[in-house]
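One structure is given below, encoded as structure tokens.
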Amino acid sequence: MSISRKKGPLYLQVKNILKDRILYGEYRVGTNIPSEPLLEREFNVSKITVRNAIKELVQEGFLEARSGIGTKVIRNTVASKLYKGKRFTEVLVEEGRKIKKQRLHAEIVDNDEGTEPFRLFGEKSLRIERLYYLDDVPYIYYTHYLPMRMAGTEPLALDFHSLYDFIEEQGISLEKFRDEFVVSLAPSHVEDKLHVKKGTHLLKRSRYSYDEREGAVEFSEGYFKTEMQQYVVNYDL
């Protein structure tokens, strides 16, 4: 996993990578994360960098450091309302499944008139395409559209682990989500990435994310191979 001083404090980058591995089941509750020397070699950072990253995750309640025994994962969910959009993946992780994410593209695009990105963000937006794996098998293809203010000076160099962490780092608080579902034929490039036959119908989820002023912050379209795992929605009462 590549980290760089250009992306901010090294310990925060290491922390976010470790946190992502916890949230998506690579490091499971009740197991130890790799030792400090292994993490130092993996990320090519100092001992103090790794220790500061682990310290923050301990303070946030994800890890428990035990002298002479190792550092154990004790929680793999988050309490912030920002992460309500992650409920589905939390269910999978709790069931012992492993989620892995791959960023495919990040670019500034021209939005066609009459499309949702044009209606929400105008003529241009930042488009990010990602592929999710379920137990190492391609499972979900996501295309996210974000307003141009999030593109920064080098949008093609964007590298983050959680889209919603990235949005929060821009000083934006997500207050509302709306999901729409339909059964749809997948575009050819999605069929290729998900390894499905041409003409296969998939579950398509369109997500709208809004800030506290009801302004659109994200529009995304996700195609799910539900024969692998049904989409689940949990409601808290």
So do the side chains of Ile99 and Leu134 get within less than 4.5 Å of each other, counting heavy atoms only? yes
Can you tell me how far CG of Leu146 sits from CD1 of Ile128, rounded to the nearest 0.5 angstrom? 5.0 Å
Residues Glu42, Arg21: salt bridge by 4.0 Å N-O rule: yes
Any idea which heavy atoms bring Tyr145 and Phe121 closest together, and the distance? O-CE1, 3.4 Å
Shortest non-hydrogen contact between Val217 and Ile172, atoms and distance: CG2-CG2, 3.9 Å
Does Glu221 come within less than 4.0 Å of Lys204, counting only side-chain N to carboxylate O? yes
Interatomic spacing from CZ in Arg149 to CG in Leu126 - rounded to 0.5 Å: 11.5 Å
For Leu120 versus Ala216, what's the shortest heavy-atom pair and its separation? CD2-CB, 3.8 Å
Thr89 OG1 to Ile140 CD1 distance, which is reported to the nearest 0.5 Å: 8.0 Å
Quick one: does any side-chain atom of Lys124 pair with a main-chain N or O of Met148 as donor and acceptor, under 3.5 Å? no
Sole candidate of Glu64, Arg66, Lys72 that passes side-chain hydrogen bond (donor to acceptor under 3.5 Å, both in side chains) when paired with Asn32: Arg66
With the 4.5 Å side-chain cut-off for hydrophobic clustering, are Val232 and Tyr132 part of the same group? yes
Residues Phe62, Glu56; criterion side-chain contact (heavy atoms from CB on, under 4.5 Å); working and verdict: CA-CA 9 Å; Phe62 291 99; Glu56 290 221 347; over 6 Å; no
Might you confirm whether atom CD of Glu113 has over 12 heavy atoms from other residues, nucleotides or ligands at distances under 6.0 Å? no
Using side-chain heavy atoms (C-beta onward) and a distance below 4.5 Å, is His195 in contact with Val137? no
Are side-chain heavy atoms of Val73 and Ile33 found at a separation under 4.5 Å? yes
With distance as the sole test, does Gln13 use its side chain to make a donor-acceptor pair with the main-chain N or O of Gly8 at under 3.5 Å? yes
For Tyr27 and Leu63, run side-chain contact (heavy atoms from CB on, under 4.5 Å): C-alpha distance rounded to whole Å, both residues' side-chain angles, the deciding distance at 0.1 Å, then the answer. CA-CA 11 Å; Tyr27 300 156; Leu63 298 176; over 6 Å; no
Linked, directly or transitively: Val45 and Leu12 (ILVMFWY side chains, under 4.5 Å): no
dist Asp179:CG -> Ser220:OG (nearest 0.5 Å) comes out at 7.5 Å
Looking at residues at least two apart in the chain, or sitting in another chain, which of them share a ring pair (Phe, Tyr, Trp, His ring centres under 6.0 Å) with Tyr210? none
In the structure I gave you, are the side-chain heavy atoms of Lys193 and Gln102 within less than 4.5 Å of one another anywhere? no
Shortest non-hydrogen separation from Gly122 to Asn111 and the atoms involved: O-ND2, 2.9 Å
Residues sharing Val190's hydrophobic cluster, by side-chain heavy-atom contacts under 4.5 Å among ILVMFWY, directly or via others? Leu104, Leu131, Tyr133, Tyr141, Leu194, Val196, Leu202, Tyr223
So, the side chain of Asp20 versus the backbone of Asn16: is there a donor-acceptor pair under 3.5 Å, distance only? no
Pairwise side-chain contact, Leu39 with Val14, heavy-atom cut-off 4.5 Å (strictly under): no
Quick one: list whatever passes salt bridge (charged side-chain N to carboxylate O under 4.0 Å, His left out) with Arg97, sequence neighbours left out. Asp135
Working for side-chain contact (heavy atoms from CB on, under 4.5 Å), residues Thr49 and Phe43: CA-CA 10 Å; Thr49 295; Phe43 298 115; over 6 Å; no
Using a strict 4.0 Å threshold on nitrogen-to-oxygen distance, state whether Arg51 and Glu36 make a salt bridge. yes
Excluding Ile69, membership of its hydrophobic cluster (Ile, Leu, Val, Met, Phe, Trp, Tyr; side-chain heavy atoms within less than 4.5 Å) reads none
Regarding Glu214 and Lys176, does a basic nitrogen lie under 4.0 Å from an acidic carboxylate oxygen? yes
Test ring pair (Phe, Tyr, Trp, His ring centres under 6.0 Å) applied to Phe219 - qualifying residues, sequence neighbours left out: Tyr208
Is the shortest side-chain heavy-atom distance between Leu92 and Tyr139 below 4.5 Å? yes
Just by modelled atom types, is the Thr143 backbone N or O under 3.5 Å from a matching donor or acceptor in the Arg127 side chain? no
Charged N-O contact under 4.0 Å between Glu60 and Lys19: yes
Apart from Leu38 itself, what residues make up its hydrophobic cluster, given side-chain heavy atom links below 4.5 Å? none
Given side chains that start at C-beta, do those of Asp136 and Lys100 come closer than 4.5 Å, heavy atoms only? yes
Closest non-hydrogen contact found for Lys198 with Glu191 is CA-OE2, 3.4 Å
Taking atom OG of Ser209 and atom CZ of Arg178, what is their separation to the nearest 0.5 Å? 10.5 Å
Do Arg28 and Lys98 have side chains that approach each other closer than 4.5 Å (heavy atoms only, starting at C-beta)? yes
Are Ile48 and Val58 in one and the same hydrophobic cluster, where Ile, Leu, Val, Met, Phe, Trp and Tyr link if side-chain heavy atoms are under 4.5 Å apart? no
Consider only side-chain heavy atoms of I, L, V, M, F, W and Y, link residues closer than 4.5 Å, and tell whether Ile74 and Ile54 are in one cluster. no
Going hydrophobic residue to hydrophobic residue with side-chain gaps under 4.5 angstrom, can you get from Met228 over to Leu185? no
Separation between CD (Glu218) and CG (Leu163), nearest 0.5 Å, reads 5.0 Å
Give a yes or no on this: more than 12 heavy atoms of other residues, nucleotides or ligands lie within 6.0 Å of atom CD of Glu95. yes
